[in-house]
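Computed from a predicted structure; not experimentally measured. In what follows, every chain begins at residue 1, and chains take the letters A, B, ... in the order their sequences are listed.
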Amino acid sequence: MRSSRFFLSTLKEAPAEAELISHQLMLRAGMIRRLAGGVYTWMPIGLRVVRKVEAIVREEMNRAGAIELSMPVVQPAELWQASGRWQAYGPELLRFQDRHKRDFVIQPTSEEVITDIARAELRSYRQLPVHFYQIQTKFRDERRPRFGVMRGREFVMKDGYSFHADRADLEREYANMYATYCRIFTRLGLRYRPVAADTGSIGGTGSHEFHVLADSGEDAIAYCAASEYAANVELAEALAPPDPRPSAQEALSEVATPGRTRCEEVAADLGIALSRMVKAIALVSDESDDAVPLTASTQGTAGAGEGAAAASSDTHANDASAARTATPKLWLLLLRGDHTLNEIKAQKLAGLGAFHFANDAQIEAALACRPGYIGPVGASQSVRVIADRSVAVLADFVCGANREGFHLRGVNWGRDLPEPFAVADIRNVQEGDPSPDGGGLLQIQRGIEVGHIFQLRRKYSAALAATFLDAQGKAIEFEMGCYGIGITRIVAAAIEQNHDERGICWPDPIAPFRIAITGLGYQRNDTVRAATDTLYEQMLAAGIEVLLDDRNERPGVILTDLELIGIPHRIVIGERGLNGGTIEYQARGMTAPSAIPIADALDHIRRVLA
RNA sequence: CGGGGUGUAGCGCAGCCUGGUAGCGCAUCUGCUUUGGGAGCAGAGGGUCGGGAGUUCGAAUCUCUCCACCCCGACCA
């Protein structure tokens, strides 16, 4: 391809909207242009990368026995109503009506349609197993699209769905896909890690996420260097400390800590380890269950002390915010000063469910103290105290005194305050924690989720009555698996993982062009142009995907553009080199070019591209 | 959706506080020179100052309102 017949559009400065480095580089390299929030045009150079990723995914899916089809982006609401997702999905599901006022959605995934296909087409166990997949545009109306195509609303995903006669065969295919995904990400040239994922409400054993490792990743992955354990930090269990609670040594005392509201400050002032500090996080449940109405606090009501009755009634039951503040209960979650709350784990506490952080008024109403000095000691029965496992085994710890400007030290369970209402794992694991599988210590790495495999079981086949006849002629619901890969996200993730100060450094398998060639003074120097054209034609004849930059630009412009775009190999031909019988080759990551005899040029190129 | 911020030429920004002819750099176009790392000189084009309403003799500037975008928090490929 000649750049004069292609389309390159690079920018010196990235638009201010781009925060993430991959987003900036994609805009600067002219790969994408924004059309609306989270919606991007793939420009020619960017589309080439998308196609490379798709091709590798397609090849490996086919090799693994999956069969490609393509389902509509626009899908009728009926199937979604049948599966329950019309109600369950929420505002992320883009819905609209056609001219006949019939409801439709733009697919975020296609479980319903594929199950409908299976219901119609797969009638006998003899036809199983079958794995259908598509590479298709998806739309999810994200709350907050950001980071360019990394978290866009419209994106391309490979989604596959497998149908099985029984659980064992589903698990076989699941293992097959696990291996296939590993092959795919290896072929893409990315550093990645499969991690155990939440099976969520569907249950079952099998779900793994595949993460591309990058410091800017949104997910933190806890893994064990000594074993195979790897899980999203949100899900990794923090084991209970092995040793029992020591006995109390210190007497309870109150210490003045004016202006010191953060654990770090108090620990430093008192000269104690942060791990001896206990912080209390006040939460209010959003669930309106009727167990023990605790302290109510209608916003800012003066004197709404402990035991104040819930003020608002159910007359505004349709008003979500009113309902939410109807019967707030204060939960006090206790964590060590050096730990952080895991909100996913907290959400799973019985009775807490959906929650939000208590506001100042709610905290003052329940504890008669401003945030910053709150603690579990002396809290009324109406406050539910949950201790993290690590807090439950502390003795002689330090916590807020429920009195502004004071903390308590030498606090001991059972002596100074009742044992907690419950002890639970509510913190995020951190580096150095023991691995939940007992295999060693955890380390933490950041990653970008680019793949997810899942054993759906019978959720959709049951909802949509999708059955086949087994050998006994009995109708059986399919066991289903689903398997996703974020095609367009992979493009951004690959850049996050592979860039330098000059621009993108594509892994060879997904680079928009494998090699670039340019002649210095191509447009005005016949010798250079002839030599450049000759080698270019040779490369084309050899089937090499090459970009000839023949623009009438200064060398600096061409070279910086090629580096920004990230083409992994580069040939530069200049008159000076030609006089000595050489051309220059430089890999994108190399700091200096090497001179190659013209006669060896093509062989050399073949070798580095091999 | 809650909290914060920004909208001025294709891109990056100044001007706004203290109202009075809309500016700078890059990019674009023309000419000449230049040509191994984002060229120099000379000239040119390009703006509903996000939209609407208001205050005022006069609004990019002050007020109200709507919209878009960005950042921080709760979801996901």
### Message
Let me spell it out: for each of A:Gly152 and A:Asn552, pick the nucleotide of RNA chain B with the closest heavy atom. Which residue's pick is nearer the 5' end?
### Response
A:Asn552
### Task
Write down the distance separating the P atoms in B:G25 and B:G40, rounded off to the nearest Å.
12 Å
### Message
Over all strands shown, is A:Val557 touching base, sugar-phosphate only, or nothing at heavy-atom distances under 4.0 angstrom?
### Response
base
### Nucleotide paired to B:U35 in any strand shown, Watson-Crick or G-U, under 3.5 Å
none
### Query
According to the Watson-Crick and G-U wobble definitions, with both distances under 3.5 Å, which nucleotide is paired to B:U18?
none
### Separation between the P atoms of B:C16 and B:A22, rounded to whole Å
16 Å
### Query
Does any residue of residues 517-535 of chain A have a heavy atom under 4.0 Å from RNA chain B, and if so, which ones, in number order?
A:Leu520, A:Arg524
### Nearest-Å distance once atom C1' is located in both B:C13 and B:U8
10 Å
### Message
Suppose we define a pair by two distances each less than 3.5 Å, Watson-Crick or G-U wobble; what does B:C75 pair with here?
### Response
none
### Query
With sugar-phosphate meaning primed atoms plus P, OP1 and OP2, does A:Glu19 contact a base, only sugar-phosphate, or nothing at under 4.0 Å between heavy atoms?
sugar-phosphate
### Query
When you list every nucleotide of RNA chain B with an atom under 4.0 Å from a heavy atom of chain A, which one comes first 5' to 3', and which comes last?
B:C11 to B:A77
### Task
Report which part of the nucleic acid A:Gly451 touches: base, sugar-phosphate, or nothing (heavy-atom distance under 4.0 Å, all strands).
sugar-phosphate
### Query
Between A:Arg193 and A:Tyr223, is NZ or CZ placed under 6.0 angstrom from the six-membered ring centre and within 45° of the ring axis?
yes
#### Entry: Pair A:Tyr178 + A:His208: ring centers closer than 6.0 Å
yes
### Task
Select base, sugar-phosphate, or nothing to describe what A:Arg34 touches, counting heavy atoms under 4.0 Å on all strands.
sugar-phosphate
### Message
What contact category does A:Arg153 fall into here, base, sugar-phosphate, or nothing, at under 4.0 angstrom with non-hydrogen atoms?
### Response
nothing
### Query
Is A:Glu142 salt-bridged to A:Arg151, cutoff N-O under 4.0 Å?
yes
### Electrostatic pair A:Arg85-A:Glu111, nearest N-O below 4.0 angstrom
yes
### Query
Heavy atoms under 4.0 Å, any strand shown: does A:Asp141 hit a base, just sugar-phosphate, or nothing?
nothing
### Query
Contact class for A:Ala14 (heavy atom, under 4.0 Å): base, sugar-phosphate, or nothing?
sugar-phosphate
#### Entry: P-based separation of B:G12 from B:C69 [nearest Å]
15 Å
### Query
Looking only at atom C1', what distance separates B:C26 and B:G38, rounded to whole Å?
10 Å
### Query
Touch check for A:Arg33, heavy atoms < 4.0 angstrom, all strands: base, sugar-phosphate only, or nothing?
nothing
### Task
Quick one: do A:Phe210 and A:His452 satisfy ring-ring contact (aromatic ring centres under 6.0 Å, His included)? Show the steps, please.
CA-CA 6 Å; A:Phe210 288 76; A:His452 197 160; 9.0 Å; no
### Query
Using 4.0 Å as the upper bound for N to carboxylate O, is an ion pair formed by A:Glu154 and A:Lys138?
no
### Query
Taking the same atom, P, in B:G5 and in B:U63, what whole-Å distance lies between them?
14 Å
### Query
Is A:Asp159 touching bases, backbone alone, or none of the nucleic acid, heavy atoms closer than 4.0 Å?
nothing
### Summary
When both distances are under 3.5 Å in a Watson-Crick or G-U wobble arrangement, the nucleotide paired with B:U28 is B:A44
### Task
Decide, yes or no, whether a salt bridge links A:Glu563 with A:Arg588 under the criterion of side-chain N to carboxylate O below 4.0 Å.
no
### Partner nucleotide of B:C13 by Watson-Crick or wobble geometry (both distances under 3.5 Å)
B:G23
#### Entry: Integer angstrom distance from the P of B:A59 to that of B:G19
13 Å
### Query
With a 4.0 Å cut-off on heavy atoms, is A:Glu584 in touch with a base, just the backbone sugar-phosphate, or nothing at all?
base
### Message
Please classify the nucleic acid contact of A:Glu343 as base, sugar-phosphate, or nothing, using heavy-atom distances under 4.0 Å.
### Response
sugar-phosphate
### Task
Pick the C1' atom in B:C17 and in B:C57, then give their distance to the nearest Å.
23 Å
### Query
Which value, rounded to the nearest 0.5 Å, describes the distance between A:Glu92 atom CD and A:Arg140 atom CZ?
7.0 Å
### Message
For A:Asp550, run the salt bridge (Lys or Arg N to Asp or Glu O under 4.0 Å) check against A:Arg529, A:Arg2, A:Arg5, A:Arg524 and tell me which one passes.
### Response
A:Arg2
### Query
Hey, is A:Arg502 close enough to A:Asp500 for a salt bridge, meaning N to O under 4.0 Å?
no
### Query
If we call it a pair only when both distances are under 3.5 Å in a Watson-Crick or G-U wobble match, what pairs with B:C64?
B:G52
### Query
Can we say A:Arg446 and A:Asp215 salt-bridge, meaning some charged N sits less than 4.0 Å from an Asp/Glu carboxylate O?
no
### Message
Any base atoms under 4.0 Å from A:Arg551, or only sugar-phosphate, or nothing? Heavy atoms, all strands.
### Response
nothing
### Task
Please tell me which of A:Pro145 and A:Val572 maps to the more 5' nucleotide of RNA chain B, matching each residue to the nucleotide holding its nearest heavy atom.
A:Val572
### Task
Sequence neighbours left out, what pairs pass ring-ring contact (aromatic ring centres under 6.0 Å, His included) with at least one residue falling in residues 26-50 of chain A?
A:His23-A:Tyr40
